[in-house]
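These notes are about the structure you will find just below.
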Amino acid sequence: MKNLIIILTITLLAACASTKINYAQEASKIELGMTKQQVISLLGTPKKTSLRKRNDSVVEEMSYWSEKSIGFSTFDNEMMADDRVMVVVVDGKVTEYGDLIMNMNRAMEKAMDNNLKMMKAMPQPEVKVTVESN
């Protein structure tokens, strides 16, 4: 009887572990240009979404992550997750995806884009050159 309980417990734990989705692994199946619905069919409903308008486009960020267990405690925290994935959808199509939260290249690219926009919006200085001859 004791062996049966141990076997059932192990089977139950293995079944629970196998149903957990690894978002980082599943994200490798995403392709640029996929629709939002195709991503949801692949990864399920996102845990967090944000929506904004940029220029004339609608930008949606869908975030996925799994709970993380440490000892006997389980944390449902995006920053602690090992498999967090963000999918960026612009006008209904995937334009970028991956662990974009802590991606320094993405942060630098955004900063450079913002600086470029700011420089383009600045008025051009008027330069006058006077040449004097002796």
Side-chain angles (χ1 to χ4, degrees):
M1 181 68 172
K2 191 174 184 179
N3 288 340
L4 180 62
I5 292 174
I6 292 172
I7 290 172
L8 288 174
T9 303
I10 291 172
T11 305
L12 179 62
L13 289 174
C16 290
S18 65
T19 59
K20 179 182 167 189
I21 184 170
N22 182 322
Y23 291 108
Q25 190 173 28
E26 289 298 307
S28 67
K29 298 175 185 171
I30 297 173
E31 295 179 15
L32 296 177
M34 286 177 87
T35 65
K36 173 184 172 182
Q37 192 54 47
Q38 288 173 312
V39 173
I40 291 173
S41 294
L42 180 66
L43 299 179
T45 304
K47 285 197 174 186
K48 181 175 84 173
T49 60
S50 67
L51 192 65
R52 68 180 181 282
K53 190 161 178 105
R54 182 176 67 200
N55 301 327
D56 291 329
S57 297
V58 175
V59 179
E60 185 170 8
E61 294 177 343
M62 303 186 304
S63 299
Y64 297 87
W65 66 89
S66 295
E67 295 176 342
K68 179 170 181 125
S69 294
I70 301 174
F72 293 108
S73 300
T74 301
F75 302 92
D76 189 6
N77 183 300
E78 184 177 15
M79 297 305 287
M80 293 177 70
D82 296 324
D83 66 340
R84 64 180 172 240
V85 172
M86 180 187 292
V87 180
V88 180
V89 177
V90 178
D91 294 331
K93 301 285 183 181
V94 174
T95 59
E96 46 182 324
Y97 61 93
D99 187 0
L100 304 176
I101 297 163
M102 300 299 286
N103 187 324
M104 291 306 290
N105 290 337
R106 184 171 189 254
M108 289 177 66
E109 190 175 275
K110 280 186 168 187
M112 288 172 50
D113 286 346
N114 288 338
N115 286 341
L116 185 61
K117 286 177 192 174
M118 192 171 60
M119 289 173 63
K120 285 181 178 180
M122 293 174 67
Q124 296 296 316
E126 186 176 316
V127 178
K128 292 184 181 180
V129 177
T130 306
V131 177
E132 294 182 23
S133 60
N134 288 337

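Shown here for Glu67 and Thr74, the closest heavy-atom pair between the two residues is OE1-CG2, 3.4 Å. Nearest heavy atoms, Ser57 versus Val90: CB-CG1, 3.7 Å.
Hydrophobic clustering (ILVMFWY, side-chain heavy atoms < 4.5 Å, transitive): Ile40 and Trp65 are in distinct clusters. Under the 4.5 Å side-chain heavy-atom criterion for grouping Ile, Leu, Val, Met, Phe, Trp and Tyr, Ile30 is connected to Leu32 within one hydrophobic cluster. Under the 4.5 Å side-chain heavy-atom criterion for ILVMFWY residues, a single connected hydrophobic cluster contains both Val131 and Val127. Under the 4.5 Å side-chain heavy-atom criterion for Ile, Leu, Val, Met, Phe, Trp and Tyr, Val58 and Val87 are members of distinct hydrophobic clusters.
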request  = List the steps and the verdict of side-chain contact (heavy atoms from CB on, under 4.5 Å) for Ser63 and Met86.
outcome  = CA-CA 4 Å; Ser63 299; Met86 180 187 292; 4.0 Å; yes

query = Could you go step by step and tell me if Leu43 and Tyr97 meet the side-chain contact (heavy atoms from CB on, under 4.5 Å) rule?
reply = CA-CA 12 Å; Leu43 299 179; Tyr97 61 93; over 6 Å; no

task = Determine, step by step, whether Thr35 and Lys93 satisfy the side-chain contact (heavy atoms from CB on, under 4.5 Å) criterion, reporting the C-alpha distance in whole Å, the side-chain angles of both residues, the deciding distance to 0.1 Å, and the verdict.
result = CA-CA 5 Å; Thr35 65; Lys93 301 285 183 181; 3.8 Å; yes

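Among Glu96, Gln37, Met62, Met34, the single residue meeting the side-chain contact (heavy atoms from CB on, under 4.5 Å) criterion with Val89 is Met62.
Residue pairs meeting the side-chain hydrogen bond (donor to acceptor under 3.5 Å, both in side chains) criterion with at least one partner in residues 120-130, sequence neighbours excluded, are absent.
Looking at Ser66, its side chain never comes within 3.5 Å of a backbone N or O of Tyr23 through a donor-acceptor pair.
Residues Thr49 and Leu51 are not in side-chain contact: their nearest non-hydrogen atoms beyond the backbone lie 4.5 Å or more apart.
A salt bridge between Lys48 and Glu61 is absent, with no side-chain N of the basic residue lying under 4.0 Å from a carboxylate O of the acidic one.
Counting non-hydrogen atoms of other residues, nucleotides and ligands closer than 6.0 Å to NZ of Lys47 gives a total above 12.
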